[in-house]
Amino acid sequence: MSALGELIAALNEVEDRLELAQGQLARGRRSLGEAHEALARLDPEHPETVVPPGLRRADDQIERTQGLVDHTLDALRGFVTRL
């Protein structure tokens with residue numbers, strides 16, 4: 001296999017792992033949403049007393065990370081296409 005072929009194969013592996021990370025991030029975000037809903041049901045009149053403030057920040061961080069992974073995948077795919 002040529003050096004270019006090896007590079008493309010390695011970049012394809014990176015792409016696969018980034019796609020796996022996307023799925024894990026999406027599952028994590030759904031789980032955080034479910035946890036938020038479950039906690040809020042404990043005290044529907046005052047959900048702010050049972051839902052930790054860090055839960056919203058965690059969701060924001062996951063969303064930010066998803067955007068970074070998407071951007072990285074786009075850049076990687078563009079690079080592989082230009083090879």
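What you are looking at is a predicted structure, and each value in this text was computed from that prediction instead of being measured.
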statement: Only residue of Leu20, Leu68, Thr65 satisfying side-chain contact (heavy atoms from CB on, under 4.5 Å) with Leu25 is Thr65
- request: Would you give the length of the straight line joining atom CG of Asp70 to atom CD of Glu19, rounded to the nearest 0.5 angstrom?
  value: 10.5 Å
- request: Taking the side chain as every heavy atom from C-beta outward, state whether Leu73 and Arg77 have any pair of such atoms under 4.5 Å apart.
  value: yes
statement: Rounded to the nearest 0.5 Å, the CG atom of Leu42 sits from the OG1 atom of Thr49 at a distance of 9.0 Å
Sidechain-backbone polar pair: Arg82 side chain, Gly78 backbone, donor-acceptor under 3.5 Å: yes
- prompt: How many angstroms lie between atom OG1 of Thr72 and atom CZ of Phe79, to the nearest 0.5 angstrom?
  reply: 14.0 Å
- request: Give the C-alpha distance, both sets of side-chain angles, the deciding distance and a yes or no for side chain to side chain contact (heavy atoms under 4.5 Å, CB included) between Arg29 and Leu32.
  value: CA-CA 5 Å; Arg29 195 154 183 226; Leu32 277 176; 5.6 Å; no
- prompt: Does Arg64 reach the side chain of Asp60, with side-chain heavy atoms less than 4.5 Å apart?
  reply: no
task: Return the set of residues passing side chain to side chain contact (heavy atoms under 4.5 Å, CB included) with Arg17 (not counting sequence neighbours), or none when no residue passes.
output: Glu13
- line: For Ala35 and Leu55 the tightest heavy-atom approach is C-CD2, 4.4 Å
statement: Separation between OG (Ser31) and CG (Asp59), nearest 0.5 Å, reads 11.5 Å
query: Considering all heavy atoms of both residues, which atom of Gln22 and which atom of Val69 are nearest to each other, and what is their separation?
result: CG-CG1, 3.5 Å
- line: One should read off an interatomic distance between Ile62 CD1 and Arg30 CZ, to the nearest 0.5 angstrom, of 11.0 Å
